[in-house]
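Take a look at the structure set out below.
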Amino acid sequence: MITAEQRAEVRRLYYGERWKVGTIAAALGLHHATVAAALSERLPGALARPGILDGYASFVSETLTRYPRLCATRVHEMLRVRGYSGSVYTVRRLVRRLRPRSRAAYLRVTVLSGEQAQADWGHFGRIRIGRGERPLSAFVMVLSWSRALHAVFTLDQTMESFLRGHLLCFDAFGGVPRQILYDNLKSAVLSRHGAAIQFHPQLLELAGHYHFAPHPCAPFRANEKGRVERQIHYLRHSFFAARSFADVDDLNAQFLRWRDELAHARPHPEQPDHTVADMLAQERACLIPLPEQPLPCQTVTSVSARKTPYVAFDRNAYSIPHTLVGRSLTLVADQQRVRVLDGTNVVADHARCWDTKAVIEDASHVQALARERRRAAGSTAKSRLCQVVPAAEELLQRLALRGDHLAPHTARLVRLLDDYGPLALGAAVAEALASGAIGAGSVAHILERNRRRSGLKPPLPMLLPDHPGVRDVEVSPHNLEDYDDDDDRDPEPDR
């Protein structure tokens with residue numbers, strides 16, 4: 001708001017001194033929109049500066065009266081045909097001033113106790129978990145009569161989270177409303193043609209189990225569920241803003257405290273003498289009782305492992321027995337566990353991981369695969385290698401888990417054993433395992449680097465005859481400490 005003196009000065013500078021709007025705004029320290037508003041006012045007896053659109057104002061007014069939603073660019077084209085040569089921006093300002101303004105009127109909605117609830121998703125940004133990010137959402141339900149609310153923060157908006165949100169809200173309210181109002185969510189409405197509505201079959205199963213009627217809003221009529229929209233706004237600014245939390249479980253625990261101590265302790269908007277908690281206590285008597293058994297809310301999907309014994313789910317990989325690679329399996333997941341079934345048999349059971357690109361393994365699956373790979377690639381050369389260099393067993397096991405062929409690695413390690421000996425090879429293998437450089441090539445690089453640092457000559461290859469069994473002969477090295485002891489003994493006295 002500006003004073004009458006400022007308004008008069010704005011109009012004097014514009015109409016009398018011919019200043020531009022931006023110059024007036026800068027000189028008087030006003031916003032250009034404020035200056036434009038002061039200039040658009042018609043004061044009694046004031047003489048307006050003649051404009052290029054003065055002769056077309058009546059035509060524009062009549063056109064907008066007949067077609068209130070006509071855009072300014074179309075009005076500009078109609079004026080050009082009638083001789084107007086100005087820009088479209090002038091037309092837009094005139095249309096903005098002359099367009100009839102009307103606001104929609106809405107009936108006040110009144111509901112009975114226990115009759116209706118409104119539900120919707122709220123978006124709360126993204127949070128980092130491990131190496132990736134996940135969207136943070138909240139399933140929010142509000143009882144229309146008491147204004148009691150409950151929210152469940154989740155890391156997705158899957159159908160399983162949608163159904164689980166209903167169950168937790170019903171438990172929090174102590175009953176089920178007779179009707180739940182939704183926006184046109186894909187989790188609720190699959191398709192809609194006029195009055196013909198196709199609900200999601202899992203939502204219908206939930207409604208049949210808890211005895212409520214789902215009801216969608218009319219298209220583009222979000223005002224029909226204004227109670228939950230306002231509660232999401234209230235939740236976002238009163239609870240979530242500037243709040244720190246360790247994880248989603250911690251956030252949900254903090255919400256419960258905030259709901260009981262603040263949200264439900266506030267006065268009811270229509271009956272300020274009572275709190276929301278008081279109204280909820282009265283409404284519980286009118287809610288539909290909860291069934292004895294809750295409806296299972298799980299994600300069930302078909303999966304299969306192609307080459308490696310892992311199945312993909314929710315951007316992570318979960319191990320399965322290697323004997324089931326290539327078979328069609330069933331994955332059942334909830335918020336805590338991920339199970340893989342072969343028919344009715346549970347073949348894998350993992351804790352659910354909310355990281356991204358993580359590999360979740362069962363030790364029994366890994367050990368069984370390693371034993372199988374060892375049997376497949378087992379030979380006398382490998383047995384000899386693992387006997388004299390025990391660390392090579394772990395190196396080959398990691399290679400097997402990675403999916404590498406063991407034969408070329410085993411052959412090269414055996415050659416390195418012949419060239420450098422068991423002590424040098426064992427130290428190199430241990431260093432490769434510690435640094436994470438898994439492979440015979442890494443071990444060979446470490447051995448060559450150590451040889452150069454020590455100033456030793458390159459090892460000469462040992463050529464053995466091709467006689468059967470010669471290359472597979474295992475020679476156990478003898479303990480040379482006895483020879484050192486013999487050298488340290490005093491020579492026998494001369495007789």
Side-chain angles (χ1 to χ4, degrees), residues 106-123 135 137-154 156-235 279-280 283-301 334-335:
Y106 302 100
L107 294 173
R108 184 177 182 85
V109 178
T110 58
V111 295
L112 300 177
S113 176
E115 184 68 21
Q116 184 195 80
Q118 299 179 7
D120 199 3
W121 283 109
H123 301 272
S137 303
F139 177 81
V140 182
M141 183 178 291
V142 179
L143 294 177
S144 299
W145 188 79
S146 64
R147 302 301 201 279
L149 81 150
H150 189 73
V152 181
F153 287 90
T154 65
D156 55 31
Q157 292 189 9
T158 60
M159 194 66 194
E160 180 254 326
S161 297
F162 184 69
L163 300 178
R164 175 174 165 268
H166 282 77
L167 270 61
L168 294 177
C169 290
F170 295 158
D171 290 339
F173 296 147
V176 182
R178 285 166 172 77
Q179 182 188 89
I180 300 181
L181 191 63
Y182 303 95
D183 201 350
N184 287 275
L185 303 169
K186 285 297 182 183
S187 302
V189 180
L190 294 181
S191 63
R192 181 170 189 159
H193 301 281
I197 301 173
Q198 181 183 4
F199 288 102
H200 197 289
Q202 289 185 266
L203 177 62
L204 294 178
E205 183 182 5
L206 177 74
H209 190 80
Y210 285 90
H211 313 135
F212 70 89
H215 184 74
C217 296
F220 310 106
R221 291 291 185 270
N223 58 283
E224 295 183 3
K225 58 179 185 62
R227 285 178 170 86
V228 69
E229 294 286 352
R230 287 191 296 270
Q231 294 300 330
I232 291 176
H233 184 272
Y234 175 54
L235 184 70
M279 302 297 288
L280 174 60
E283 190 172 14
R284 281 199 177 104
C286 301
L287 296 175
I288 301 173
L290 294 172
E292 295 182 0
Q293 296 295 331
L295 182 71
C297 298
Q298 298 174 328
T299 300
V300 181
T301 183
D334 55 23
Q335 296 291 310

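Note that these values count all heavy atoms, side chains included, but never hydrogens, waters or copies made by symmetry. Keep in mind it's a predicted model, so treat the numbers as computed, not measured.
To the nearest 0.5 Å, the span separating CZ on Phe170 from CG on Leu295 amounts to 10.5 Å. Of the inter-residue distances, the one linking Leu287 atom CG with Leu280 atom CG reads 7.5 Å to the nearest 0.5 angstrom. A distance of 11.5 Å separates CG of Leu206 from OG of Ser187, quoted to the nearest 0.5 Å. Note that CG of Leu167 and CZ of Phe162 are 12.0 Å apart. Values are rounded to the nearest 0.5 Å. Between Leu168 atom CG and Phe173 atom CZ the span is 11.0 Å, to the nearest 0.5 Å. Atom NE2 of residue His200 and atom CD of residue Glu205 lie 10.5 Å apart, to the nearest 0.5 angstrom.
When atom types are taken as modelled, the side chain of Arg147 and the backbone of Val142 share no donor-acceptor pair closer than 3.5 angstrom. A distance-only check finds a donor-acceptor pair linking the side chain of Arg227 to the backbone of Ser144 [under 3.5 Å]. At least one donor-acceptor pair closer than 3.5 Å links the side chain of Glu283 to the backbone N or O of Gly114.
When side chains are defined from C-beta on, Pro201 counts as touching Leu190, because their heavy atoms get closer than 4.5 Å. Counting heavy atoms from C-beta outward, Leu235 and Gln231 have side chains that stay 4.5 Å or more apart.
Relative ring orientation between Tyr182 and His166 is described as tilted, the plane-to-plane angle lying within the 30° to 60° band.
The two atoms that bring Pro216 and Val189 nearest to each other are CB-CG2, 3.8 Å, heavy atoms only. Among all heavy-atom pairs drawn from Leu204 and Pro214, the shortest one is CD2-CG, 4.4 Å. The shortest heavy-atom contact between Phe139 and Ala119 is CZ-CB, 3.8 Å. Of all heavy-atom pairs spanning Met141 and Ala117, the tightest one is CG-CB, 4.0 Å.
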Under the side-chain contact (heavy atoms from CB on, under 4.5 Å) rule, what do Thr154 and Trp121 come out as? Steps first, then yes or no, please. CA-CA 10 Å; Thr154 65; Trp121 283 109; 3.6 Å; yes
What verdict does the side-chain contact (heavy atoms from CB on, under 4.5 Å) test give for Leu203 and Met159, after you've listed the backbone C-alpha separation in whole Å, the side-chain angles of each residue and the deciding distance to 0.1 Å? CA-CA 9 Å; Leu203 177 62; Met159 194 66 194; 4.3 Å; yes
Run the numbers on Gln335 and Ser161 for side-chain contact (heavy atoms from CB on, under 4.5 Å), then give the verdict. CA-CA 8 Å; Gln335 296 291 310; Ser161 297; 3.5 Å; yes
side-chain contact (heavy atoms from CB on, under 4.5 Å) for Asp120 and Leu185? Distances and angles first, verdict last. CA-CA 8 Å; Asp120 199 3; Leu185 303 169; 3.8 Å; yes
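Gln118 and Glu229 are not linked by any side-chain donor-acceptor pair at a separation below 3.5 angstrom, with hydrogens and angles left out of the test.
With sequence neighbours excluded, the residues that form a side-chain contact (heavy atoms from CB on, under 4.5 Å) with Ile288 are Val176, Arg178, His211. Qualifying side-chain contact (heavy atoms from CB on, under 4.5 Å) partners for Pro291, counting only residues two or more places apart in sequence or in other chains: His209, Tyr210. Checked against side-chain contact (heavy atoms from CB on, under 4.5 Å), Ala172 has the following partners two or more places apart in sequence or in another chain: His150, Arg259.
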